[in-house]
Amino acid sequence: MSSQKVKLRFPDGQEKEYPAGITGEEIVREISPRLAKEAIAVKLNDKIIELTRPITEDGDIRFLTFADKEGREVFWHSSAHLMAQAIKRIYPEAKLGIGPPIEDGFYYDIELDRPITPEDFEKIEAEMARIVEADYPIVRKELPRQKAIEFFKNIREDLKIELINDFPDEEVISAYSQGEFTDLCRGPHVPSTGRLGKHFKLLSVAGAYWRGDENNKMLQRIYGTSYPKKKMLEEHLHRIEEAKKRDHRKLGKQLDLFSIQESIGNGLILWHPKGARVRRVMEQFWIDEHYNHGYELVYTPHVAKLDLWERSGHTGFYRENMFPPMELEDIHYQLKPMNCPFHITIYKNQLRSYRDLPLRLAEFGTVYRYERSGVLHGLMRVRGFTQDDAHIFCTPEQLTDEIVKVLDLVIYILQTFGFHEYEVYLSTRPEKFVGSLENWEAATAALEKALEVKGLNYEVDPGEGVFYGPKIDIKIKDVLGRSWQCSTVQVDFNLPERFEMEYIGEDGKRHRPIMVHRALFGSLERFFGILIEHYAGAFPVWLAPVQTIILPITDRHHNYAQKVYDQLRRAGVRVELDRRNEKVGFKIREAEVQKIPYMLIVGDKEVESNTVSVRHKGEGDIGSMRVDEFEARIVHEIKLKK
RNA sequence: GCCCACGUAGCUCAGUCGGUAGAGCACAUCCUUGGUAAGGAUGAGGUCACCGGUUCAAAUCCGGUCGUGGGCUCCA
């Protein structure tokens with residue numbers, strides 16, 4: 001045995017032989033003491049193992065540190081165990097669920113009658129520190145299923161037994177021990193608790209259904225994060241603070257953009273004048289581009305007879321998301337959750353020829369959906385919202401081309417609003433679906449082809465399509481890293497079928513069109529929320545609710561200020577005039593806080609020379625210029641959508 | 001919907017042991033006419049989310065309802 005060797009290749013290409021059974025820790029200590037200090041785990045032939053595991057096979061070896069995603073995962077996973085051990089010391093009756101690493105830290109789900117509150121965090125953190133201090137070695141053992149079940153039964157970890165029972169037969173069952181604490185875990189972990197250091201923090205506690213199923217009991221999920229260096233933890237906490245400052249709910253209040261009020265109803269938005277101004281710009285731009293791209297705009301009602309929704313199938317598959325129907329003169333009406341049936345009805349109002357296709361009908365359609373109260377979130381998740389909806393009716397041959405055109409428009413519009421990074425997903429056929437397999441394949445191929453033509457990187461979300469067809473989703477991330485679906489392109493075979501849509505083909509026969517649902521903003525409310533966060537409320541000039549504000553120094557400058565105001569207004573600039581009896585410094589401060597891009601200060605000098613002294617938000621004083629010059633400058637910027 | 005936390009003036013927040021409420025900003029009036037991020041004085045403003053309970057006495061303790069936040073499940 002001792003004579004056996006393993007041959008290992010390092011990332012730099014170097015190969016070395018070691019006695020079989022050597023551990024990563026032993027190797028790394030020999031290579032570099034610094035790396036030895038930073039190493040968290042070993043990656044051997046795409047398997048991640050702990051530093052203490054004996055190496056018995058040849059292959060590629062790499063040491064993972066916190067700089068590697070996999071290294072962070074191990075670090076946070078071990079941190080989750082650390083927290084679990086501390087919790088078990090304080091609350092021995094707690095039962096452990098699962099405790100994985102997540103994007104910026106880790107959590108552990110525990111079952112405990114007594115609620116854990118943020119006040120308990122300090123106590124838990126103190127216990128964690130003691131465990132780190134003790135520097136218990138973290139030891140892996142593999143055990144046969146029966147032994148494992150017995151063991152966890154003994155320590156009354158019922159949830160763990162449930163997990164084991166669901167493991168496939170061939171699964172190697174492993175557990176990790178540190179001190180008195182043992183947890184069922186696939187691993188790997190850091191070599192000892194001391195390696196985790198003391199730069200950790202518990203962040204929040206939340207309910208979470210056991211195994212993500214709302215029919216199961218609810219456990220307490222405790223979130224935390226940890227870093228190898230103090231500075232990294234501080235930076236992370238600082239990032240969270242900064243993100244909170246950009247929160248659209250906070251900025252919406254500060255900048256007086258919108259409100260949500262108890263007296264109106266939750267999930268229902270009041271767009272205040274400043275928010276409405278931004279929305280009008282969004283809408284106007286959108287309308288112009290849609291006419292330019294061959295769409296026709298339509299308007300449709302907010303309610304329709306329930307029959308319509310029965311025909312469309314919404315009363316069946318979408319009922320739980322709809323407001324309840326209302327009755328009027330013995331007829332049931334339904335507040336609309338979607339716009340599609342209306343557009344279809346417009347299509348069907350006349351006999352269509354293949355020459356009419358593609359027919360693109362677009363609308364800012366305000367829809368109402370019942371969302372469970374717990375999911376509502378500012379502008380991002382609401383109960384009444386306006387979709388920038390459109391439905392494209394086309395022949396099967398036109399499908400790919402139409403999707404490419406939609407993607408072109410999506411990218412153009414998102415980029416104009418300053419979004420250059422997004423996640424693209426292709427969602428394929430789910431388990432429950434309608435339509436023929438051939439149709440599905442053709443439609444999925446059309447979407448794939450379109451993505452290819454556009455050269456977009458995308459991920460496939462298998463089985464995540466809508467039951468009526470596959471779709472492309474484009475998601476934008478908010479400041480806290482949550483991603484929100486905005487644009488969506490969905491192929492639909494179902495509704496043309498249900499509504500018996502037809503067109504007369506070249507051959508004189510009746511054919512069924514294909515329908516594409518698409519939205520670019522997704523919802524104006526959500527998109528606006530994302531915009532607010534994206535710009536931290538400091539909208540670019542073309543979007544800013546107030547583009548420039550005139551600040552007269554004293555009231556003897558008001559007449560001149562009014563002249564400048566009139567001129568800019570005539571030029572289409574959103575301008576305000578601050579006539580308040582305040583010092584100019586005060587007015588500037590307010591304009592800065594309101595994130596107005598340009599401030600125009602006018603005093604004796606300006607009146608005399610027909611100029612304005614221009615201050616740019618953030619940049620400060622950029623000198624004085626003639627009113628005409630300033631007008632040309634700002635009008636130009638607006639035109640370029642800067 | 002579920003778990004936990006929270007709800008005090010338009011906004012941001014104090015409020016001790018249960019003894020009937022406070023600041024700053026904003027608002028109104030007056031003074032001040034001041035050149036690039038807060039001039040001064042005075043005043044008005046509260047059914048302490050709502051409903052009920054305990055108590056001589058509740059913003060404070062207890063229960064319920066509504067709303068908000070962090071999550072879970074679900075989704076634009």
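In what follows, every chain begins at residue 1, and chains take the letters A, B, ... in the order their sequences are listed.
Gln220(A) contributes no side-chain N or O that forms a donor-acceptor pair with the base of G71(B) under 3.5 Å. For C75(B), the base has a donor-acceptor partner in the side chain of Arg381(A) [N/O atoms by modelled type, under 3.5 angstrom]. In this model, no side-chain donor or acceptor of Gln594(A) finds a partner on the base of A37(B) within 3.5 Å. Contact of Arg211(A) with C72(B) (side chain to base): no donor-acceptor pair of N or O atoms is detected under 3.5 Å. Not a single donor-acceptor pair, N or O on each side, falls under 3.5 Å between the base of U68(B) and the side chain of Arg249(A).
Residue Arg372(A) places its side chain closer to G1(B) than to any other of G39(B), G1(B), G71(B). Checking U33(B), A5(B), C2(B) against the side-chain heavy atoms of Thr117(A) singles out A5(B) as nearest.
The nearest whole Å value for the distance from the CD1 atom in Ile601(A) to the C1' atom in G34(B) is 14 Å. Regarding Leu255(A), its CG atom lies at a distance of 13 Å from the P atom of U12(B), rounded to whole Å. The CG atom of Leu551(A) sits 12 Å away from the C1' atom of A37(B) (whole-angstrom rounding). Atom P of nucleotide G71(B) and atom OH of Tyr107(A) are separated by 13 Å, given to the nearest angstrom. For Arg114(A) and A5(B), the CZ to P distance is 10 Å, given to the nearest whole Å. Summarising the geometry, the separation between CH2 on Trp210(A) and C1' on G71(B) is reported as 17 Å, rounded to the nearest angstrom.
The side chain of Lys253(A) contributes an N or O atom lying less than 4.0 Å from OP1 or OP2 of U12(B). Close to U73(B), at under 4.0 Å from its OP1 or OP2, lies no side-chain N or O of Asn215(A). Taking 4.0 angstrom as the limit, Ser373(A) places a side-chain polar atom (N or O) nearer than this to OP1 or OP2 of G1(B).
Under 4.0 Å is where a charged nitrogen must lie from a carboxylate oxygen, and between Lys475(A) and Asp473(A) no such pair does. Between Glu241(A) and Lys245(A), none of the side-chain N atoms (NZ, or NE/NH1/NH2) sits under 4.0 Å from a carboxylate O, so this pair counts as no salt bridge. For the pair Lys95(A) and Glu162(A), the salt-bridge criterion is not met [side-chain N within less than 4.0 Å of a carboxylate O]. Residues Arg114(A) and Glu93(A) are not paired through a salt bridge, judged by the lack of any N-O separation under 4.0 Å between the basic side chain and the carboxylate. Glu103(A) and Arg72(A) are not joined by a salt bridge, as no carboxylate oxygen comes within less than 4.0 angstrom of a charged side-chain nitrogen.
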### Dot-bracket notation for RNA chain B, counting Watson-Crick and G-U pairs under 3.5 Å, with | for partners on another strand
(((((((..((((.....[..)))).(((((.......))))).....(((((..]....))))))))))))....

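Comparing the same atom, P, in U20(B) and in A59(B) gives a spacing of 9 Å after rounding to whole Å. Nucleotides U60(B) and G22(B), compared at atom C1', are 15 Å apart to the nearest Å.
Crowding of Asp166(A) atom CG: a count of heavy atoms from other residues, nucleotides or ligands under 6.0 Å exceeding 12.
Contacts of Tyr223(A) with the nucleic acid, taken as non-hydrogen atoms under 4.0 Å apart, involve only primed sugar atoms and P, OP1 or OP2. Among the atoms of the strands shown, only primed sugar atoms or phosphate atoms (P, OP1, OP2) are found under 4.0 Å from some heavy atom of Val584(A). Here Asp213(A) lies out of heavy-atom contact (under 4.0 Å) with every strand.
By the 5.5 Å and 30° criteria, Phe385(A) is stacked with the base of A76(B).
Shown here are the side-chain hydrogen bond (donor to acceptor under 3.5 Å, both in side chains) partners of Thr611(A), two or more places apart in sequence or in another chain: Ser609(A). With sequence neighbours excluded, the residues that form a side chain to side chain contact (heavy atoms under 4.5 Å, CB included) with Pro430(A) are Phe433(A), Trp440(A).
Between Glu525(A) and Glu592(A), the residue anchored nearer the 5' end of RNA chain B, judged by the nucleotide with its closest heavy atom, is Glu592(A). The 5' end of RNA chain B is approached more closely, in terms of each residue's nearest nucleotide, by Gly603(A) than by the other of Asn321(A) and Gly603(A).
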